[in-house]
Number of protein chains: 2
Amino acid sequence: MKPTWLHALMRLDCGPIASSDKLAQEVGTSQQTASRWLFLLRKEGMIQKDRDYRITQNGATYLSQLKKNHPAALSGRVFSGVGEGKYYLSKPGYQDQFSGLLGFEPYPGTLNLRIKEPQSMQASRRLRQNPGLRLDGFKEKERTFGPARCYPCRIRANKKTANGAIIVPERTHYPEDVVELLSPVFLRKALGVKDKDALRLELI
Amino acid sequence: MKPTWLHALMRLDCGPIASSDKLAQEVGTSQQTASRWLFLLRKEGMIQKDRDYRITQNGATYLSQLKKNHPAALSGRVFSGVGEGKYYLSKPGYQDQFSGLLGFEPYPGTLNLRIKEPQSMQASRRLRQNPGLRLDGFKEKERTFGPARCYPCRIRANKKTANGAIIVPERTHYPEDVVELLSPVFLRKALGVKDKDALRLELI
DNA sequence: ATTACTATGTTTCGAGTAA
DNA sequence: TTTACTCGAAACATAGTAA
């Protein structure tokens with residue numbers, strides 16, 4: 001399974017590169033082939049050369065369409081967590097970032113969803129590969145609070161809809177069958193859901 | 001710029017697909033070629049077929065590594081450096097940070113790895129784009145010691161495993177085919193390795 | 001140092017078609 | 001219906017090398 005020009009483009013998407021030879025080594029092909037790819041990619045307007053070779057807006061757009069990584073939807077059932085979310089949301093270090101990032105002040109508590117369907121599992125896995133909106137980490141005295149990622153979504157249940165966001169801690173390897181939700185409103189009340197009720201998330 | 005098998009894999013990453021013909025239409029190639037790709041991808045363990053064709057964990061990992069994230073693994077061979085690592089590790093300005101950051105006191109010396117395989121080169125390159133764990137820089141009399149980044153990993157050789165971390169100076173553009181390792185133990189002894197022996201790193 | 005040409009060998013493609 | 005074979009044609013990769 002040889003590397004292809006798409007590998008080269010994806011490499012360029014991660015950062016500029018100095019020469020065809022360097023690219024060749026990194027993707028595992030010959031200098032000549034790398035040179036040809038760079039030429040063709042340039043002809044297509046996917047990359048440009050100034051000092052180094054770098055991806056253009058065009059190329060980046062092409063890739064992001066290919067990745068189409070955002071799953072469209074994802075569903076699961078409500079369950080009661082240990083109330084950790086509430087604790088984290090109370091930290092000013094995080095709080096200060098929400099408005100700017102999500103456009104709302106979250107209700108001080110998260111709603112937990114457990115996923116069962118394989119399709120949604122896959123969606124959850126794919127979701128975590130996206131950068132999403134980054135919530136920076138911070139330090140507070142002795143304790144370190146890591147960065148997290150947010151994915152805005154629409155939350156539906158009982159023919160009602162609320163806005164919100166999935167929040168995923170960046171470092172800790174949270175189980176992939178669990179999804180934690182933020183929202184400006186108290187979701188259990190706004191949607192009229194209780195434990196074991198089904199929710200549907202539409203990513204935006 | 002024809003589509004390649006990678007396009008097919010990326011399409012599969014977005015969701016399962018029913019037949020070679022469907023795939024062919026979606027990525028823009030012939031049914032025969034799609035069929036061949038599906039066969040090859042299955043042989044590589046990147047996809048599986050139950051009812052539909054769908055990507056495997058393996059394939060998803062391959063893609064996510066290509067896209068941006070932490071490389072899962074990286075391998076190279078031990079070589080003897082100039083012993084600079086030892087000097088840096090002896091500085092209290094760094095020493096004081098290790099426990100908090102990595103959860104161990106490093107053995108006073110680093111193990112150097114030289115990377116050859118293109119795949120690992122790519123992994124190394126990608127690794128450096130991640131923030132990792134930041135080791136702050138400091139000043140000592142006249143000399144300035146820059147910040148560095150640490151990437152915790154498991155280190156394997158000879159069926160033995162040790163914990164450790166890759167350490168990368170932040171400013172100096174260290175060659176990307178060299179990786180420097182910290183560990184609470186003396187790795188050469190703990191793993192029974194000497195110059196030119198192969199090591200495998202699993203990032204965590 | 002880097003790029004990219006030519007020439008040659010190798011791989012991949014896809015129409016036709018069988019299973 | 002779908003998958004996958006054959007085989008001539010087309011595309012591609014790479015060594016050598018010039019610029």
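Reminder, nothing fancy here: chain letters follow the sequence lines and each chain counts from 1. Quantities reported herein were computed from a predicted structural model and do not represent experimental measurements.
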| field | Lys/Arg-Asp/Glu bridge criterion (N-O < 4.0 Å) met for D13(A), K67(A) | value | yes

Counting only side-chain heavy atoms from C-beta out, which of [options] sits nearest to [X]?
| X | options | value |
| --- | --- | --- |
| T33(A) | dG14(C), dA13(D), dT3(C) | dA13(D) |
| Q32(B) | dC13(C), dG16(D), dG16(C) | dG16(C) |
| K49(A) | dT3(C), dT2(D), dC13(C) | dT3(C) |

For [X] and [N], give me the distance from atom [atom1] to atom [atom2], rounded to whole Å.
| X | N | atom1 | atom2 | result |
| --- | --- | --- | --- | --- |
| L23(A) | dA13(D) | CG | C1' | 15 Å |
| I17(B) | dT1(D) | CD1 | P | 17 Å |
| K2(B) | dA9(D) | NZ | C1' | 11 Å |
| L6(A) | dC12(D) | CG | C1' | 16 Å |
| L41(A) | dA4(C) | CG | P | 13 Å |
| F39(B) | dG14(C) | CZ | P | 18 Å |
| M1(A) | dA13(D) | CE | C1' | 17 Å |
| W5(A) | dA11(D) | CH2 | C1' | 15 Å |

| message | Under 4.0 Å, counting only non-hydrogen atoms across every strand here, what does S35(A) touch: a base, just sugar-phosphate, or nothing? | response | base

| task | Identify whether any heavy atom of K22(B) sits under 4.0 Å from a base atom; if not, whether one sits that close to sugar-phosphate; answer base, sugar-phosphate or nothing. | result | nothing

Please determine whether a side-chain nitrogen or oxygen atom of [X] lies at a distance below 4.0 Å from atom OP1 or OP2 of [N].
| X | N | result |
| --- | --- | --- |
| S20(B) | dT2(D) | no |
| T29(B) | dC13(C) | no |
| R36(A) | dA13(D) | yes |

| request: For Y53(A) and for S30(B), find the nucleotide of DNA chain C with the closest heavy atom, then tell me which residue's nucleotide is more 5'. | output: Y53(A)

| query | Want to settle it: does Q31(B) or W37(B) sit nearer the 5' end of DNA chain C, counting the closest nucleotide to each? | reply | W37(B)

| message | Could you measure the distance from the OG atom of S30(B) to the CG atom of D21(B)? Nearest 0.5 Å is fine. | response | 10.0 Å

If the condition is salt bridge (charged side-chain N to carboxylate O under 4.0 Å, His left out), which residues does [X] pass it with, not counting sequence neighbours?
| X | value |
| --- | --- |
| K49(A) | none |
| D136(B) | R134(B) |
| K91(A) | E140(A) |

| field | Sequence-distant partners of Y53(A), ring-ring contact (aromatic ring centres under 6.0 Å, His included), two or more places apart | value | none

| task | Test the R77(A)-F79(A) pair against the cation-pi criterion, namely NZ or CZ under 6.0 angstrom from the six-membered ring centroid and within 45° of the ring axis. | result | no

| message | Enumerate the ring pair (Phe, Tyr, Trp, His ring centres under 6.0 Å) contacts for residues 1-34 of chain A, please, sequence neighbours excluded, ordered by first and then second residue. | response | W5(A)-H7(B), H7(A)-W5(B)

| request: With axes from five pairs an end, tell me the bend angle of the helix from dT2(C)-dA19(D) to dA19(C)-dT2(D), nearest 10°. | output: 50°

